[in-house]
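First the structure, in the form of structure tokens, and then the observations on it.
Residue numbers count from 1 along this sequence. As the structure is a computational prediction, the values presented were derived from the model and not from experiment.
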Amino acid sequence: MNSPLQHQALHYLRQALDDPRAEFRDGQWEAIERLVNDRVRLLVVQRTGWGKSIVYFLATRLFRDRGAGPTLLISPLLSLMRNQIQAAERIGIGAKAINSTITIDEENHIKVLLKRNEVDVLLITPERLANEIFMREILFPISDRIGLFVVDEAHCISDWGHEFRPDYRRIVRILQALPPNIPVLATTATANDRVVDDVLSQLGDTLQVMRGSLARTSLRLQNISLPSQAARMAWLVEQLPLLQGSGIIYVLTVRDAERLTLWLQSQGIDAHAYHSELDTETKETLEQNLLENRLKALVATTALGMGFDKPDLGFVIHYQRPGSVVHYYQQVGRAGRATREAYGILLSGNEDQEIVNYFIQSAFPPEAHVGAILAALNEADDGLSVPMLQERLNLRRGQIEKVLKMLAVESPAPLVYERPRWSATPVQYVQDQSKVKKLIQIRQDEQTQMTVYTRNRECLMAFLQEALDDPDPRPCGLCAVCLESPLLPEYYSPELAKQAAGFLRRLDLPIEPRRRWIGDALAESGWRGIIPIPLRAEEGRALSFWGDAGWGEQVKYGKQRDGRFSDDIVSGAEELIVERWRPSPTPAWVTCVPSLNQVDLVPDFAQRLATKLGIPFVACIQKVRRTTPQKEMNNSYQQARNLAEAFVVHPFEGIHEPGLLIDDVVDSRWTFTVIAALLREAGSGPIFPFALAQASKDLE
């Protein structure tokens with residue numbers, strides 16, 4: 001017989017789901033009861049779509065009925081947070097979020113509501129635990145009133161996990177400071193045995209584990225190998241209109257999200273890009289449009305990932321292979337949560353391995369970066385800001401910030417942040433290189449496992465369950481392997497693939513002119529502050545992304561393998577300039593960036609292009625000293641400094657006319673910026689930069 005508490009919880013469940021016949025799923029009530037009655041610390045590992053949020057929201061409701069204080073919910077993504085707030089409202093729970101998107105006035109209003117005990121759930125990102133004002137003015141005053149402490153996506157606590165977040169380490173210290181009788185719930189769908197053990201070691205041996213089956217009976221899984229991007233683009237155009245409902249197409253990079261979206265839109269498919277570089281308002285609008293089936297698909301990076309809940313999502317298609325089975329299970333698990341069936345289709349291509357390798361190698365700060373930053377801070381009496389560190393070190397801003405964040409959560413920490421500068425502490429820090437190597441090896445093993453999955457000839461769902469250490473994996477009987485038949489066609493139209501390849505070749509890229517010099521990097525030339533308009537380059541163009549589908553691969557082969565750019569590339573450049581770009585005023589001459597390494601490569605191309613354009617080529621720029629390749633300079637200050645007094649311009653008759661300035665690869669834009677300024681000082685007309693490829697150091 002149901003207890004009064006279970007009866008009340010069931011009432012809230014049916015109210016939340018607007019279904020008078022709804023029942024708890026296996027394990028849901030048991031988890032709620034252990035939290036509310038036994039006040040335990042609990043780790044729940046359950047499949048995607050099982051309803052982990054129901055557990056903590058209903059437990060919150062029951063605790064609040066008993067007069068308890070608010071639930072504190074640590075949530076890792078803003079998109080997930082917005083989703084959780086909407087879910088809480090459906091259950092009649094007042095949820096508020098404090099994160100980077102709210103104003104100071106909004107935060108102050110939430111502070112007042114908390115003091116009045118008018119907030120049921122307070123959601124924060126783990127990074128908020130590093131904010132001293134939040135800790136002092138909000139968390140500490142309510143710490144002895146917290147009714148329930150929830151850590152969503154708890155695998156992020158573990159640096160053995162696939163999505164480790166350094167600030168999750170702060171959670172452990174917060175838990176240690178809270179009264180021991182506060183119940184704790186940690187939830188995840190993507191923790192294998194190794195991660196579970198690590199979470200237990202950090203949150204304490206009093207943490208109890210509830211683990212359920214990870215099988216998803218609504219998912220129809222299929223793997224399709226289409227190596228070329230053009231083939232996958234063609235396949236998507238043919239298959240998306242035939243799929244029921246709306247869904248998500250996952251890509252590995254922001255670049256692919258934007259590009260694939262443009263292609264699908266050009267073919268009449270209502271798709272939109274979703275990634276970390278969009279503003280909050282745009283993301284919220286896209287999420288709502290997807291929830292309300294007002295678009296066919298979001299082409300998304302992992303920015304739309306953990307916990308995003310659209311119960312009737314009809315499909316999840318991966319344009320590229322993720323880095324691990326764990327990533328894949330989590331992402332494909334967005335689909336089919338409240339439908340009888342939904343598709344999970346994994347496409348894979350030639351570029352997957354290179355992209356995933358990049359993410360693996362950039363995940364952990366190298367020992368040299370850590371040592372260089374600590375050395376610089378120890379030498380500075382008054383600390384250093386991030387821009388000041390960039391001036392001293394050849395490191396990207398992101399690389400510096402990654403090290404600072406990692407070191408800031410160490411206990412004791414070897415540095416401290418006193419806005420806006422970081423200062424060293426007396427703590428001697430030695431990075432555990434053996435652990436870093438082991439972590440990288442784990443990532444590489446996960447990548448290998450994912451490759452095996454793409455070729456797997458046994459049940460695909462059972463493979464995922466085994467990879468996540470599900471104790472009872474069984475054949476699903478629903479995937480393409482179990483059925484011994486494709487769920488969706490594996491073929492594509494060659495004609496449509498040809499159109500896609502042409503589309504990729506027409507995706508030329510703007511080269512925005514720099515508008516400011518950086519610090520004193522080029523002080524020898526008298527250049528500081530704003531770049532005067534008469535010295536600025538005009539907006540330029542790049543023919544491709546380096547090594548990418550379209551022209552990028554041919555450019556890469558021409559530079560690295562053949563030692564000469566093909567006539568096809570010359571024709572492609574001419575088409576871009578004459579038919580699509582049409583710079584105005586029209587360039588009357590061509591010059592190029594000289595190199596002391598591949599002396600003839602760019603001049604040869606520039607001369608052939610000049611001939612095609614019917615204007616003269618003039619070798620008016622001389623490189624007077626060797627420089628480090630710009631691709632090896634990792635931040636803007638170092639890139640600009642590297643070019644100080646490296647070039648001179650030899651004026652010529654006709655220099656006052658507009659000119660086309662050519663290079664093979666544009667990286668930082670500083671080479672174009674410096675040479676354009678030198679040309680303008682020598683009396684030239686407007687200078688239009690043109691590059692065969694744009695480099696991309698950060699894929700995501």
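- A salt bridge links R194 with E446: the closest approach of a Lys/Arg side-chain nitrogen to an acidic carboxylate oxygen falls below 4.0 angstrom.
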Using the salt bridge (charged side-chain N to carboxylate O under 4.0 Å, His left out) rule, take E401 and R397 through it: C-alpha gap first, then chi angles, then the decisive distance, then the call. CA-CA 6 Å; E401 290 176 338; R397 185 182 186 93; 3.0 Å; yes
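- A side-chain donor-acceptor contact under 3.5 Å links R216 and T48.
- Within a 6.0 Å sphere centred on CG of N357, other residues, nucleotides and ligands contribute more than 12 heavy atoms.
- A salt bridge is defined here as a Lys NZ or Arg NE, NH1 or NH2 lying under 4.0 Å from an Asp or Glu carboxylate O, and E23 with R14 meets this definition.
- At least one donor-acceptor pair closer than 3.5 Å links the side chain of R66 to the backbone N or O of V36.
- Side-chain contact of Y274 with E287: a donor-acceptor pair under 3.5 Å is present, judged by distance alone.
- Side-chain contact annotation: R34 with Q208, donor-acceptor N/O pair under 3.5 Å present.
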Begin from the C-alpha positions of L139 and L129 and carry the test side-chain contact (heavy atoms from CB on, under 4.5 Å) through to its verdict. CA-CA 9 Å; L139 183 57; L129 299 175; 4.1 Å; yes
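- For E132, the CD atom counts as loosely surrounded, since its 6.0 Å shell holds 12 or fewer non-hydrogen atoms of other residues, nucleotides or ligands.
- A salt bridge links D120 with R64: at least one charged nitrogen is closer than 4.0 Å to a carboxylate oxygen.
- Within a 6.0 Å radius of CG in D144, other residues, nucleotides and ligands contribute more than 12 heavy atoms.
- Residues T301 and V251 form a side-chain contact, since some pair of their non-hydrogen atoms from C-beta on lies under 4.5 Å apart.
- The existence of a salt bridge linking R474 and D472 is confirmed by a sub-4.0 Å separation between a basic side-chain nitrogen and an acidic carboxylate oxygen.
- More than 12 heavy atoms of other residues, nucleotides or ligands lie within 6.0 Å of CZ in R136, so this atom counts as buried by the packing criterion.
- Using a 4.0 Å cut-off between charged nitrogen and carboxylate oxygen, E107 and K111 do not count as a salt-bridge pair.
- Taking a cutoff of 4.0 Å between a charged side-chain nitrogen and a carboxylate oxygen, D65 and R61 qualify as a salt bridge.
- Here D193 pairs with R211 in a salt bridge; the nearest charged N to carboxylate O distance falls below 4.0 Å.
- Judged by distance alone, with hydrogens and angles left aside, the side-chain atoms of T425 form a donor-acceptor pair with the main-chain N or O of P414 at under 3.5 Å.
- Other residues, nucleotides and ligands contribute at most 12 non-hydrogen atoms within 6.0 Å of the NZ atom of K96.
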